[in-house]
Amino acid sequence: MAVTEPAPVELPPAHEGILRRQALRESAARTYARSLPIVPVRARGMTIEGADGRRYLDCLSGAGTLALGHNHPVVLEAVRKVIDSGAPLHVLDLATPVKDAFTTELFSTLPREFADNARIQFCGPAGTDAVEAAFKLVRAATGRSELLAFTGAYHGMTAGALAASGGATDVRVTRLPFPHRYRCPFGAGGERGADIAARWTEYLLDDPKSGVPEPAAMILEPVQGEGGVNPAPDGWMRRMREITRERSIALIADEVQTGVGRTGTFWAVEHSGIVPDVMVLSKAIGGSLPLAVIVYRSELDLWQPGAHAGTFRGNQLAMAAGAATLAYVRENRLAERAGTLGARMLAALQALSADHPSIGDVRGRGLMIGIELVDPEAGPPTVTAENGFAPPPDPALATAVQQECLRRGLIVELGGRHGAVVRLLPPLTLTDEQATAVVDRLADALRAAERSPYRRAAAGPTR
């Protein structure tokens, strides 16, 4: 089917009116709209056009949802094909050819040892819904209720998912230290810091007086995204798999943001070679449309009919778009491409630190990149083994950089403990030229932000 250009969208010439009405009508909980005051009207690939006629390179990508960028031809064709066929768009959990094709494609991308003995549960449309489903599954299968999670984690905004995230209080979750190269909680860093974190986990689980009840599961992100783009060391990941397997604790891998080629392998757990008991998947698996699933070992499938459901778990358009996206990433080896191009961008950004002491750390995996900004003149610093002294984070500078990036036609996100990490999540279809433009615009924005009186004018992070 031929792909046509989108028709012009008629909007009032003054996009400020749209933004003003949004501020008056929408919840105070809105986030991106505060730091990114634009009105998108057209988009293709990595480029967004605003109602004011300006064009932007999008390094947010729907928080990692848009693996192929905006309105990719294979996604549009897959959606049109379903619509033109007259197929039902809402089917609850009934079997359909569209669902069968999606499930078949998804299972073909999963680690073979995992997929050969797995079941899939279609959940509500968001990643947080899938996290909730995973928790219900392991609790039902083990008869236990406690969970293990990690400092800096982010698993969603519903009650149970938020309880396992970094800012939770008064919950049935034991918080474990996540290893950090740059800001190690033990002042060690590197392999030594990761080893201490693993030993602490073992100690808590095996000490009868630790106050930690026998847990149903451990949930972890192979790369913490919202937590500041912190990749988990592969050796530490293998230790967590050993620790949980030896103690009959289910291991849940949250691949909502890291999946579908983002980190340089199709699924981020493949870097370490571990096979989790449960994988939580959303965002990119829907090809830009809402879709969330959990895939898990068949031995855990002890639910009774109706034990977990969701009205919109049968989103046919999302399944069609998702199957097309998964196939395109697989066939065009975009995961490998993300690994190669991501390493090149990391190196270019790390080179900037020689002239910019405000760059504390550049880290990431594949096209999931974070730049932690610091105030080298403030104190006291944090001691780490690999980097000596790490200055305090500088969220005001990060906010200023984000604003300067937007002025230069580059959309970036902030994250990390203090909102001091500039995050890049470009689509996997990023070209060499676009990658260079992203680095150049970010470098220019950093220079401008460093010259501005941001420390006195900025109120801090917006999220």
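Keep in mind that the numbers below use all heavy atoms, side chains included, and drop hydrogens, waters and symmetry copies.
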Note to self: Within a 6.0 Å radius of atom CZ on Arg25, are there more than 12 heavy atoms belonging to other residues, nucleotides or ligands?
What the structure shows: no

Notebook entry, point to check: Backbone N or O of Ala309 within a donor-acceptor pair of the Arg313 side chain at under 3.5 Å?
Noted result: no

Next item on the list: Look only at the side chain of Arg119 and the backbone of Ser298, and say whether a donor-acceptor pair between them is shorter than 3.5 Å.
Entry: no

Note to self: Donor-acceptor pair, distance only, cut-off 3.5 Å: does the side chain of Asn332 make one with the backbone of Leu334?
What the structure shows: no

Margin query: I need the minimum non-hydrogen distance between Thr151 and Pro177, along with the two atoms involved.
Written below: OG1-CA, 3.8 Å

Notebook entry, point to check: Would you say Arg199 has more than 12 foreign heavy atoms packed within less than 6.0 Å of its CZ?
Noted result: no

Checklist line | Geometric class of the Trp200/Tyr203 ring pair [parallel <30°, tilted 30-60°, perpendicular >60°] | finding: parallel

Check: Backbone N or O of Gly366 within a donor-acceptor pair of the Arg262 side chain at under 3.5 Å?
Finding: no

Next item on the list: Kindly give the heavy-atom pair with the smallest separation between Ile249 and Leu148, and that separation in Å.
Entry: CD1-CD1, 4.4 Å

Margin query: Given 3.5 Å as the limit, does a donor-acceptor pair link the side chain of Thr65 with the main chain of Ala284, or not?
Written below: no

Notebook entry, point to check: Between Leu106 and Val293, which heavy-atom pair has the shortest distance, and what is it?
Noted result: CD2-CG2, 4.2 Å

Notebook entry, point to check: Looking only at atom types and distance, does a side-chain atom of Asn117 sit under 3.5 Å from a main-chain N or O of Arg297, one as donor and one as acceptor?
Noted result: no

Check: Is there a donor-acceptor contact under 3.5 Å from the side chain of Ser353 to the main chain of Leu349?
Finding: no

Notebook entry, point to check: Would you say the side-chain atoms of Thr103 pair up with the backbone N or O of Asp100, donor to acceptor, closer than 3.5 Å?
Noted result: no

Next item on the list: Kindly indicate whether the side chain of Ile219, heavy atoms from C-beta on, has any atom under 4.5 Å from the side chain of Leu147.
Entry: no

Check: What is the ring orientation for Phe122 with Phe102, classed by angle as parallel under 30°, tilted 30 to 60°, or perpendicular over 60°?
Finding: tilted

Notebook entry, point to check: Are the side chain of Gln257 and the backbone N or O of Ala63 linked by a donor-acceptor pair below 3.5 Å?
Noted result: yes

Margin query: Take a 6.0 Å sphere around CZ of Arg139 and say whether it holds more than 12 heavy atoms from other residues, nucleotides or ligands.
Written below: yes

Check: If you draw a 6.0 Å radius around CZ in Arg247, do more than 12 non-hydrogen atoms from other residues or ligands fall strictly inside?
Finding: yes

Checklist line | The single option from His418, Arg417, Arg183 passing side-chain contact (heavy atoms from CB on, under 4.5 Å) against Glu372 | finding: Arg183

Notebook entry, point to check: Counting distance only, does the side-chain N/O of His271 pair as donor-acceptor with the main-chain N or O of Pro222 below 3.5 Å?
Noted result: no

Next item on the list: Take atom CZ of Phe312 as the centre, draw a 6.0 Å sphere, and report whether it contains more than 12 heavy atoms from other residues, nucleotides or ligands.
Entry: no

